[in-house]
Each structure stands twice: as structure tokens, then as C-alpha cells.
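First comes the structure, then the notes that go with it.
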Amino acid sequence: MADLFGGIEAGGTKFVCAVGTGPDDIRSETRFPTTDPQDTIARAIAFFQYEAGSVPLAAIGIASFGPIDSHPGSPTWGHITSTPKSGWAQTDLASAVARALAVPIAFDTDVNGAALGEYRWGAAQCLETFVYLTVGTGIGGGAMVEGRLLHGLVHPEMGHMLIARREDDEYSGRCPFHGSCLEGLASGPALEERWGAKAESLDPDHPAWELEAHYLALGLANLICAISAQRIILGGGVMEQLQLFPLVRDKVRALLNGYIQAPAITEENDRFIVPPSLGSRAGVLGAIALAERSVGA
Ligand code: ADP
Ligand code: ZN
């Protein structure tokens with residue numbers, strides 16, 4: 001019988017827990033708001049103990065908001081580290097779950113989880129080097145490079161790439177560390193602060209989107225130059241504005257200015273910069289994919 005896995009999408013606003021083997025086989029699922037760490041983690045543990053049935057799990061994957069410590073062997077492995085989210089800094093998430101359930105845990109960033117889910121079942125199948133970037137309350141990116149999820153020194157922080165503020169933009173940016181980094185200029189809350197209205201309420205032909213596409217294209221051009229991504233998947237609430245996709249594609253092509261000679265960029269870039277394909281379960285499926293990969297299934 002095929003191994004069964006657990007997945008925890010640990011988000012800043014909600015947690016989603018599920019048991020299953022993939023998109024067509026989710027056996028049980030629950031979602032609840034992220035409150036304080038103690039109650040939230042206890043609820044996730046209780047789901048696997050009592051609600052999800054008695055079938056043993058081969059592993060549980062946790063795809064978490066961050067920053068996190070995902071380095072095996074580190075004394076603080078499994079912790080959410082320096083997050084500004086109130087009450088959650090230095091929270092032991094993964095080993096608390098491992099101790100309570102006695103199941104192997106795979107722990108990674110939410111965006112690496114999302115990248116792996118898209119690789120396994122979605123928009124990045126058969127690729128080896130690609131980026132998943134979410135543009136929502138924050139901006140964050142996960143990456144697979146030559147078949148391995150990218151971690152490095154800590155883990156990538158693509159939302160904090162430093163980019164130039166456009167001359168006609170009077171908004172100074174909202175990142176507490178950098179002001180006008182990519183996240184500071186182009187996250188959902190930055191759109192709201194700059195234009196004085198929630199991003200989802202701005203018309204599709206509002207000038208906000210041309211400027212947003214400009215900033216996202218700067219970030220993407222840097223990523224393409226740095227890791228030679230074969231595809232970039234753009235998710236998150238802000239990317240529900242589908243008119244952004246053609247704008248971003250055109251601006252990336254213009255910024256790279258013919259230098260990177262690849263048909264994916266110069267000719268076919270509607271398949272190069274794409275939306276995710278796993279939909280609302282992407283986060284928890286990514287977590288299940290982390291679990292599956294950790295046991296080499
Ligand atoms: P989170 O990043 O918290 O996981 P989301 O990816 O949904 O959640 O991002 C929330 C942000 O995206 C908010 O700033 C919100 O204003 C913005 N947003 C949500 N839906 C839309 C939409 N349809 N169009 C534009 N912006 C949106
Ligand atoms: Zn920043």
C-alpha cells in the first residue's frame with residue numbers, strides 16, 4: 001500500500017492540515033486561524049491524533065511562514081526564528097509536532113513547499129530550475145535549482161531584493177528593514193498604502209498595475225540573471241489580477257533587452273512567467289510533497 005502523508009501549511013493568517021497522497025487523494029483536511037503558537041500548534045497536533053484517522057503516516061511535511069531554521073543538525077532546527085508576527089518569534093514548531101506525534105517531519109519554507117508542490121503536480125513538472133514567487137501580504141520566493149530545493153546560508157529572501165524606486169513613484173516603501181525593497185514597494189499592503197485603497201478594489205486599468213508590473217519585472221529580471229530559472233510561477237493574492245501577467249512578461253523582456261538568448265524569454269514568455277496550477281490547496285499539497293520527498297517516495 002502506498003505511503004500516507006500529513007501536511008501542515010503554517011501560514012501567518014491560517015493553518016491548513018491534511019492527510020493524503022496528492023491532489024486527487026486528500027483523505028481529511030482542516031483549516032483554522034493562526035492565533036498564539038501554543039493553541040495553534042496544539043490544534044494541528046490534535047488533528048493528526050484524533051481527526052485524521054488511525055492510519056500511520058510515513059512523514060508529515062510542514063511548509064511554514066518564516067524566517068525559519070530548516071538546517072538539519074542545527075540546535076534550533078524547526079523553529080520560526082525572527083518573524084515580526086506577534087508572539088511567534090523563536091517558536092519551536094517542527095520538533096513540537098515531531099515529539100507529540102512520533103512521526104518524521106520535513107520542515108521548509110511555505111514558498112519552497114509551494115515550489116515543490118508545483119514541481120510534483122503542477123506548473124513546474126519536468127523542470128529542474130525554477131522559482132515560485134508569492135506576491136501577497138509579503139513577497140517571498142522558493143526555488144528549485146538543478147532538482148534540489150534551494151536553502152543556502154539561511155534560505156532565499158527574494159522579496160527583500162533591493163531594487164530601484166521609479167522616479168515618478170513618491171511612495172517610499174514599507175519594509176521595516178529596507179524601506180523600498182521589492183516587498184516594501186510591491187506587496188499587497190504597499191499597494192494599499194500607496195494608492196489609498198485595498199489592492200483588490202483597484203480597477204484592472206488603474207495605473208497601479210503598470211507600476212506594480214514594473215517592480216515585479218525588476219525582481220524577476222534579477223532572479224533570471226542570478227539563477228537562470230527555466231520558469232517563474234507567480235502566486236499570491238495580488239497575482240489574482242491576471243492583467244499583471246502580460247504586463248510583467250513584456251517588461252521582463254524589455255529589461256533583459258535581448259541579452260539572455262533563450263526562446264523562453266524572447267519568444268514564448270507566456271509559458272515562462274505563469275500562474276500556479278494547484279489552486280487553493282497549493283500550500284498544504286506543497287507540505288505533503290515535502291513529506292513525500294523526505295522519505296524518498
Ligand atoms: P497571505 O500573503 O497573507 O498568505 P494573500 O496571498 O491572499 O495572503 O495576500 C493578501 C494580500 O493580497 C493583501 O494585501 C490583499 O490586499 C491582496 N489581494 C488579495 N486578493 C487580491 C486581488 N484579487 N487583487 C489584488 N490584490 C489582492
Ligand atoms: Zn525588505
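Count residues from 1 along the sequence. One-based numbering, in listed order, for ligands and for the atoms of each. Side-chain atoms are counted along with the backbone in the values below, which use heavy atoms only and exclude waters and symmetry mates.
- Looking only at distances, no side-chain donor or acceptor of Thr76 sits under 3.5 Å from a matching main-chain atom of His79.
- Checking Asp110 against Ser64 by side-chain atom types alone, no donor-acceptor pair falls below 3.5 Å.
- Outside the 6.0 Å centre-distance limit, the rings of Tyr171 and Trp195 are not counted as a close aromatic pair.
- Using modelled atom types, one finds a donor on one side chain and an acceptor on the other under 3.5 Å when comparing His151 with Asp108.
- Proximity of the aromatic rings of Trp77 and His71 is defined here by a centroid distance below 6.0 angstrom, and this criterion is not met.
- Taking the charged nitrogens against the carboxylate oxygens, Arg174 and Glu183 have no contact shorter than 4.0 Å, which rules out a salt bridge.
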Would you tabulate the polar-atom pairs, meaning N/O of ligand 1 against N/O of the protein, with distances under 3.5 Å, reported to 0.1 Å?
unit_1, atom_1, unit_2, atom_2, d
ligand 1, 2 (O), Thr137, N, 2.9
ligand 1, 2 (O), Thr137, OG1, 3.3
ligand 1, 3 (O), Thr137, OG1, 2.6
ligand 1, 6 (O), Gly237, N, 2.8
ligand 1, 9 (O), Thr137, N, 3.3
ligand 1, 16 (O), Glu200, OE1, 2.6
ligand 1, 24 (N), Gln241, NE2, 2.8

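- Looking only at side-chain heavy atoms (C-beta outward), Trp121 and Ile288 come within less than 4.5 Å of each other.
- Between the side chains of Thr35 and Asp39, not a single donor N or O lies within less than 3.5 Å of an accepting N or O.
- Atoms of the protein (N, O or S only) found under 2.8 Å from the Zn ion (ligand 2) are His160 ND1, Cys175 SG, His178 ND1, Cys181 SG.
- Looking at heavy atoms from C-beta onward, Phe15 lies out of side-chain contact with Arg31 at the 4.5 angstrom threshold.
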